[in-house]
Amino acid sequence: MNKKLNLYKIYKNIFNYWFKNKLLNYIRLNTKKKFIIYDGPPSMNGEPGIHHIFSRIIKDIFYRFYTMNNYKVINKLGWDTHGLPIEIAVEKKLNINKNDIGKKISIKYYNKKCKKLVEKNFKKWVKFTNKIGYFFNKKNYYITNSSKYIESIWWIIKELYKKKLLYKDYKVLPYSPIAGTSISHQELNFPDTHKKIKDLSVYVLFKLKNKNINFFKKKKIYLLSWTTTPWTLPSNSALLVNKNIYYILVKTLNKKKKKNINIIISEKSINNVFKKKKKYKILKKFLGKKLIGLNYKQIINWFKPIKSKKKKFKIFNDKLNLIKEDFGTGIIHISPTFGKEDYEIAKKNNISKILFKDKNGNLNPIVDKNGKFIKEVPYGLGGKYIKEKYYKNKENKFNVDKKIIDILKKENKIFKVKKYIHIYPHCWRTNKPIIYYPIKSWFINLKKIKNLILKLSYNINWCSVNLIKKKFEHWLKNIKNWNISRSRYWGTPLPIWKTKNKKNFLVIGSFNELNYEINKSIKLGFMKKNPFKKKIINNKIKYNKINMHKDFVDNIILSSKNGDKMYREFDVIDVWFDSGACTYAQYHYPFENKNLIDKNKIFPCNFISEGIDQIRGWFFTLHVISSIMSKSISYKNILPLGIILDKNGKKMSKSKGNTLDPFIILKKYGPDCIRWYIIYNNLPWENIKFNIENIQKIKNKFFNTLYNTYLFFYNYSKIDNYNFNKNYKYKKKYIDKWIISKLNNLLFKTYNNYLLYNITYITRDIYNFVLNDLSNWYVRLSRKRFWKNKYDNDKKSAYYTLYICLKKILEISYPITPFFMEYIYIKLSYFDKNYKYKKNSIILNKFPKYKKKFIDKEIENNMLYIKKYSSIILSLRKKKNIKVRQPLNNVYIVKNKFNKKIEKNKIILNLLKKEVNIKNINFIYKTKINKYIKKKIKLNYKILGPKYKTKIKKISKIISKLKKNKIEELEKKKYIYIKLFNKKIRISIKDIYIYNENINENIIMYTKNDFIIIIDTKITNSLKKECWVRDFIRIIQKLRKDNKYKITDRINIFLYKESYILLHNIIKKYIKKICKETLSYNIIKYNNIKYTKICYYNKNKIYFLIKKK
RNA sequence: AGUCUUGUAGCUCAGAAGGUUAGAGCACUACACUGAUAAUGUAGAGGUCCGUGGUUCAAUUCCACGCGAGACUACCA
């Protein structure tokens, strides 16, 4: 048998074994009980990383556990195939950017490339999924770009439209010009999206119009406003002040012109604007009210506002309370096209926007969708990116903000420029800062149904600390309407067609419906051919022949009720909608499986588990969609998972270079070890610091120990030809009863912990049992029973017990570490007389249940004390440096209320004797040891403190000086009086602790509370000889091992004649013992000193030799 | 910036609803044990319990402030 454990090899063999015997995807068929898991589809934008292992193995554990418990487990694996990450990857590969799509490269070609990338990554993912030992049905998965999946999403969109939750709006949204798409709220809250950056901030002077200055009685007055985005100044069309806060008119020196100027700022912002007090003079203080409605001069007049009745360049009141009076200058500049709140304010107050009318008469913002100023912007700014960070090449970089500041400086419109470090949102994909940009988008009105969503969420069981549940609920309480349109190419197309005047919309909810509309359109002559020809025949759809993507649907022109042409909306749907719709779309609902979901047979699911970052992602979208569609939760139990960090606690990312290749690690340690490590190391929702050294430790400790325990069983039971017989009734030894009791406790705990999803506790319990109870106690103390020659009932009972323990451990650990457990299980079952399966596998077994009758708390408690005594005695030996191999005669244990039962239990006392190598264990009364110890007293401050307050320190001093007779008096009478300032104070025995101190150095004593143990360290001659015999046996054993003799090989021991004579007496007395333990026939006198080995007896050299016979 | 969490051994963390000598695992050192063991056992070393102040007979624990770390929220123009 291979002694070295190669867990990867084991995985491979077992995987092939399962494959050959068709045990993969094993499903219990004769059962009505179902356990449903939804799989959060990972994005196919790249290769799997180490963090993907986590959520997969968690789900796999419950797949296996519930299968063993006779459930039919349904876990359709999913793959997320659409979305920006994939598009970005393809753009990089083709070396193009978003604008090239549809121009340099056709959309069809582009989408084909996206599909190809997805397919390529998909293969890697399948390989990866196998490598971590994930149970799944290869034929039964869902993939979000399949036409069936898309059709389900279309149906959902139509339902939303019918429920009047879908609406189109023109909104200023976070927008990533480089990715060319708006960023959803969730995406903006991804980790690391808010970054610290350095911007130029400017204090800008807005000149009040002359007609407004009567109140101030000054000629020229400026409003000072502060901004970090000077590029928005050309689109400024209003200023904001708060009518209820105080503003001041300040006279100060304009450095450049060396002239005084008058500026207005909020009173409390004075320290932001001026560092030194002497530099200004306050002329007037007034409420913001005075400013509202006043007009100012446009700051940069490159573009005039569109001619309309709308208001422009006016001061408005801050109804939304955005202004903080001590921040900036207390005056906000408003650019309705480039700020979310700015847009709202402009809409409410009817403020004009700064827009540019192009050739076709369309009005556009002065920054285009690529994040560049339009060509018409003067001073060479046209065509320049508005943020320096958008440039790919350093050489071309151009700072628009700087240029605008320069221009304004020349016009004396800048008061001050300052570098400003602040936190600014970035696009999670491109890592570039976002801007706020007006975009027409489709929204789902979630605010309207917030109460329903929130109420339903209370039914979800979070298998974690409450904090995470609260975070989810907090997120729902602050729900925002969901912008689902993305102006990209590779995604589920929005199934919405509109007329050119944007007045009529048609939402399509199925392919048949689309086919019907196309046929109508053909009759009107809008389309020539039906692209569905041959793909839909008699309403039967050939799904695998349809590729329902943008390149296909954009060519479809439909007709409105009025007979106008209708074109499809440009956008595709947010990928988060794809994955969130998996509840329905993975089953192609409602076109298939309608009853299964409507009648709650596969819905809602029992369990989901993904990373904690999905609180704003998948957990949210899944819940929202099922809340709307079914008025139900989508998942009953959820186990959120922490992030996998590197060993220093930093988040793993490619840019930091601290990622680990999962394939390499899997190959080195095998999936079992990694699975165990991740579960064992910390609670699932806590972040895990992934440390390879710890994986090795897990292997050494847990896997090796379990394996060696098995090897131990294997080695001996093979010699004896042991066969396990389930029905064998054996006489249990005390220690057998103990380990069986421990085992049944473990079975009980483990089963319940699986039900409660407490997987970490499961691994920790099993680990402790295997190492502490089974290997290092049961097997170690039972070794002699296995060694002995006689194949008697005692031996059989030991085999039986060990076999049961091993088997149950394998079965309860199997869901977590399937391959290793199966490997040993198969080997172990060769010893089972009754096993007759052709397909022998742990997969086919039932999860073991505990039996109450086997649990014996008394035995467990007694054993606990024996362990404790043994540990104390060993530490006492250590103090005198008496090694364990040296036998001692006596140990004295002081009787107390705990050891009454042990005292009379010879069996466990024998265990203890062997363990500590002491011949007699004596229980004595406490009074007998009084002469060896000094008693001391300490106060119970908890009781005396509040009673005597400040006097306590003095009392403590008196007590510590009490003499022996006083302490004895206290012990007898249970109280004592002491004197303090001529006052008698009664100290009761409850007010103090008495503890013992060792005074005699020749007596080794342990004393703590009621545990008092003394050992007699006298080593007699005969004890010395015994020690030598044990040493000698050990030396022979080691030699046997070094010579690679088999355990069963019999030998003779040869002693050189001089040595033989020297040891004559010892040999005479101990020859039987030596021969028995070393499997020797005899000890023989030997004349030749050649080839002998040397050991010592009382510093005399002993020459000896062993030979196999 | 705000809110919340958090600061204990080299590392990972317990802990006490103020009270005797502040604990465990890993790592390190020594010794022991071992014919299953790469395990295991016993011990050693390692602490200003983040800092300052307050309450108290007594504060690492409670309170306040400061400093550091993390999470969440947020277009603070």
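In what follows, every heavy atom counts, from backbone to side chain, and hydrogens, waters and symmetry copies are set aside. Per chain, numbering begins at 1; letters A, B, ... match sequence-line order. Keep in mind the model is a prediction, meaning the values are calculated, not measured.
Not counting sequence neighbours, the partners of Lys697(A) by the side-chain contact (heavy atoms from CB on, under 4.5 Å) test are Asn694(A). Residues forming a side-chain contact (heavy atoms from CB on, under 4.5 Å) with Lys432(A) (at least two apart in sequence, or on another chain): Ile178(A), Tyr390(A), Thr430(A). With sequence neighbours excluded, no residue forms a side-chain hydrogen bond (donor to acceptor under 3.5 Å, both in side chains) with Tyr436(A). Partners of Tyr722(A) by side-chain hydrogen bond (donor to acceptor under 3.5 Å, both in side chains), not counting sequence neighbours: none found. With sequence neighbours left out, Arg885(A) forms a side-chain hydrogen bond (donor to acceptor under 3.5 Å, both in side chains) with Asp1031(A). Annotation: side-chain hydrogen bond (donor to acceptor under 3.5 Å, both in side chains) contacts of Glu473(A) (sequence neighbours excluded): none.
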Only distances under 3.5 Å count here; give the side-chain donor-acceptor pairs of residues 228-237 of chain A to other protein atoms, sequence neighbours excluded, each with its distance to 0.1 Å.
from	atom 1	to	atom 2	distance (Å)
Thr229(A)	OG1	Thr227(A)	OG1	3.2
Thr229(A)	OG1	Thr232(A)	OG1	3.2
Thr232(A)	OG1	Thr229(A)	O	2.7
Thr232(A)	OG1	His333(A)	NE2	2.9
Asn236(A)	OD1	Tyr296(A)	OH	2.5
Asn236(A)	ND2	Ala238(A)	O	3.1
Asn236(A)	ND2	His333(A)	ND1	2.8
Asn236(A)	ND2	Ile334(A)	O	3.4
Ser237(A)	OG	Ser352(A)	O	2.8

Treating primed atoms plus P, OP1 and OP2 as sugar-phosphate and everything else as base, which nucleotides of nucleotides 57-63 of chain B get B, S or - for protein heavy atoms under 4.0 Å?
B------
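Nucleic acid contact class of Arg885(A) (heavy atoms, under 4.0 Å, all strands): sugar-phosphate only.
When the side-chain nitrogen and oxygen atoms of Trp777(A) are compared with OP1 and OP2 of U40(B), none of them lie within a distance under 4.0 Å. One finds no side-chain N or O of Lys883(A) lying less than 4.0 angstrom from the OP1 or OP2 phosphate oxygen of A43(B). For Ser875(A), a side-chain nitrogen or oxygen approaches OP1 or OP2 of A43(B) to under 4.0 Å.
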Where do N or O atoms of nucleotides 24-27 of chain B meet protein N or O atoms at under 3.5 Å, pair by pair?
from	atom 1	to	atom 2	distance (Å)
C26(B)	OP1	Lys701(A)	NZ	2.8
C26(B)	O2'	Lys697(A)	NZ	2.8

